[in-house]
Student: 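What follows is a single structure, and I will ask about it in a moment.
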Amino acid sequence: LTIHIPPDLRKGSTRPVWEVPPPTVYSFAYYIFQQLNAWPKNGKVDYPARIEALSPYLTPQCKAFLKEDSNQRDKKSELIDRVRVVYEIPGRGYTTKSVKVVDRDNWVVSLDLIADEYYLTESVKRATVRYPLKVVRWEGDSETNPFGLALDCYEGIPQRLSKAENKGTL
């Protein structure tokens, strides 16, 4: 039995045992997505390795999608010596609008992130993007996935954020 406790423990809390609080869903989506996009040395090696290492936190469809994405990028030579990191846009972390509860087992999380990419030591890309991610309840092996949640990839196409939307946050 997994019980999700809200992050603010200063107050008592009564929750249905099946409920996963939206801040927990957001934190899970952010952590897994950030780890998928952490390519510290070489995207050609790091990206497929991240997909494999995080597979307990991915639905089979999402894992297949990401593997195909990795293969396509590799064929275009987009991953060789590519370093990547994503992180929250300052001031644009979790809010009540960040997580849409579809039903008790499905959520859509909006992550507003900065994606920085480098080729060797040269900066080649900085983009501010809203990533709409699907998260699903994923009961299974609690040894490999203690969250009981899985990333089900994208709910829609990631959208670049305009400079006006980022004003005062970078």
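Computed from heavy atoms alone, side chains included, the values below leave out hydrogens, waters and symmetry copies.
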Student: For residues Tyr31 and Ile51: do they belong to one hydrophobic cluster (side chain heavy atoms under 4.5 Å, members Ile, Leu, Val, Met, Phe, Trp, Tyr)?
Tutor: yes
Student: Any side-chain heavy-atom pair from Val45 and Trp39 closer than 4.5 angstrom?
Tutor: no
Student: I'd like to check Leu36 versus Leu66 (side-chain heavy atoms, cut-off strictly below 4.5 Å). Are they in contact?
Tutor: yes
Student: Flag the pair Val108 / Val102 as yes when at least one side-chain heavy-atom distance between them is below 4.5 Å, and no otherwise.
Tutor: yes
Student: Using modelled atom types and a 3.5 Å cut-off, is there a donor and acceptor pairing between side-chain atoms of Asn145 and backbone atoms of Pro56?
Tutor: yes
Student: For a 4.5 angstrom cut-off between non-hydrogen side-chain atoms, does Val109 reach Phe28?
Tutor: no
Student: Filter on salt bridge (Lys or Arg N to Asp or Glu O under 4.0 Å), then keep only pairs touching residues 143-154, sequence neighbours left out; what's left?
Tutor: Lys134-Asp152
Student: Only pairs at least two apart or in different chains count here, so list each disulfide (SG to SG under 2.5 Å) that has a residue in residues 95-127.
Tutor: none
Student: Heavy atoms only: give me the nearest Pro132-Pro158 pair and the separation to one decimal.
Tutor: CD-CA, 3.9 Å
Student: How would you list, by chain and number, every residue that makes a side chain to side chain donor-acceptor pair (under 3.5 Å) with Asp103, sequence neighbours excluded?
Tutor: Asn106
Student: Which residues pass the side chain to side chain donor-acceptor pair (under 3.5 Å) test with Tyr47, not counting sequence neighbours?
Tutor: Asp69
Student: Let me confirm one number: the OG1-CG distance from Thr128 to Asp112, rounded to the nearest 0.5 Å.
Tutor: 8.5 Å
Student: I'd like to know if the side chain of Arg50 and the backbone of Ala38 have a donor-acceptor N/O pair within less than 3.5 Å.
Tutor: yes
Student: Kindly write out the residues that satisfy side chain to side chain contact (heavy atoms under 4.5 Å, CB included) with Glu68, not counting sequence neighbours, or none if the list is empty.
Tutor: Asn71, Gln72
Student: How would you list, by chain and number, every residue that makes a ring pair (Phe, Tyr, Trp, His ring centres under 6.0 Å) with Tyr30, sequence neighbours excluded?
Tutor: none
Student: Who are the salt bridge (charged side-chain N to carboxylate O under 4.0 Å, His left out) partners of Glu117, not counting sequence neighbours?
Tutor: Arg82, Arg84, Lys125
Student: To the nearest 0.5 Å, what is the distance between SG on Cys153 and OH on Tyr131?
Tutor: 13.0 Å
Student: Between Trp138 and Val135 (side chain of the first, backbone of the second, donor and acceptor by atom type, cut-off under 3.5 Å), is there such a pair?
Tutor: no
Student: Taking salt bridge (Lys or Arg N to Asp or Glu O under 4.0 Å) as the cut-off, I'd like each qualifying pair that reaches into residues 31-46, sequence neighbours left out, listed once.
Tutor: Lys44-Asp74
Student: Can you measure from NZ (Lys75) to OG (Ser70) and round to the nearest 0.5 angstrom?
Tutor: 11.0 Å
Student: Quick check: does any side chain N or O of Arg126 sit under 3.5 Å from a backbone N or O of Ile114, one acting as donor and the other as acceptor?
Tutor: no
Student: Does the side chain to side chain contact (heavy atoms under 4.5 Å, CB included) test come out yes or no for Val86 and Leu113, once each step is laid out?
Tutor: CA-CA 6 Å; Val86 299; Leu113 304 177; 4.2 Å; yes
Student: Looking at every non-hydrogen atom in both residues, tell me the closest pair between Leu120 and Val83 and how far apart they are.
Tutor: O-CG2, 4.4 Å
Student: If you round to the nearest 0.5 Å, how far is CG of Leu111 from CZ of Arg92?
Tutor: 11.5 Å
Student: Who pairs with Tyr94 by ring pair (Phe, Tyr, Trp, His ring centres under 6.0 Å), at least two apart in sequence or on another chain?
Tutor: Tyr26
Student: Would you call Pro22 and Val25 a side-chain contact if the rule is heavy atoms closer than 4.5 Å?
Tutor: no
Student: Which heavy atom of Arg137 sits nearest to which heavy atom of Val20, and what is that distance?
Tutor: NH1-CG2, 3.7 Å
Student: When you measure from the side chain of Gln159 to the backbone of Ile157, do you find a donor-acceptor pair of N or O atoms at a distance under 3.5 Å?
Tutor: yes
Student: Under the side chain to side chain donor-acceptor pair (under 3.5 Å) rule, collect the residues that match up with Ser98, sequence neighbours excluded.
Tutor: Thr95
Student: Relative to each other, are the rings of Tyr154 and Phe65 parallel, tilted or perpendicular (30° and 60° limits)?
Tutor: perpendicular
Student: Once you round to the nearest 0.5 Å, how far does CD1 of Ile32 lie from OG of Ser27?
Tutor: 11.0 Å
Student: ring-ring contact (aromatic ring centres under 6.0 Å, His included): which pairs involve residues 95-125, sequence neighbours left out?
Tutor: none
Student: Mind checking what makes side chain to side chain donor-acceptor pair (under 3.5 Å) contact with Glu52, not counting sequence neighbours?
Tutor: Lys63
Student: Any chance you could measure Leu151, atom CG, to Tyr57, atom OH, to the nearest 0.5 Å?
Tutor: 12.5 Å
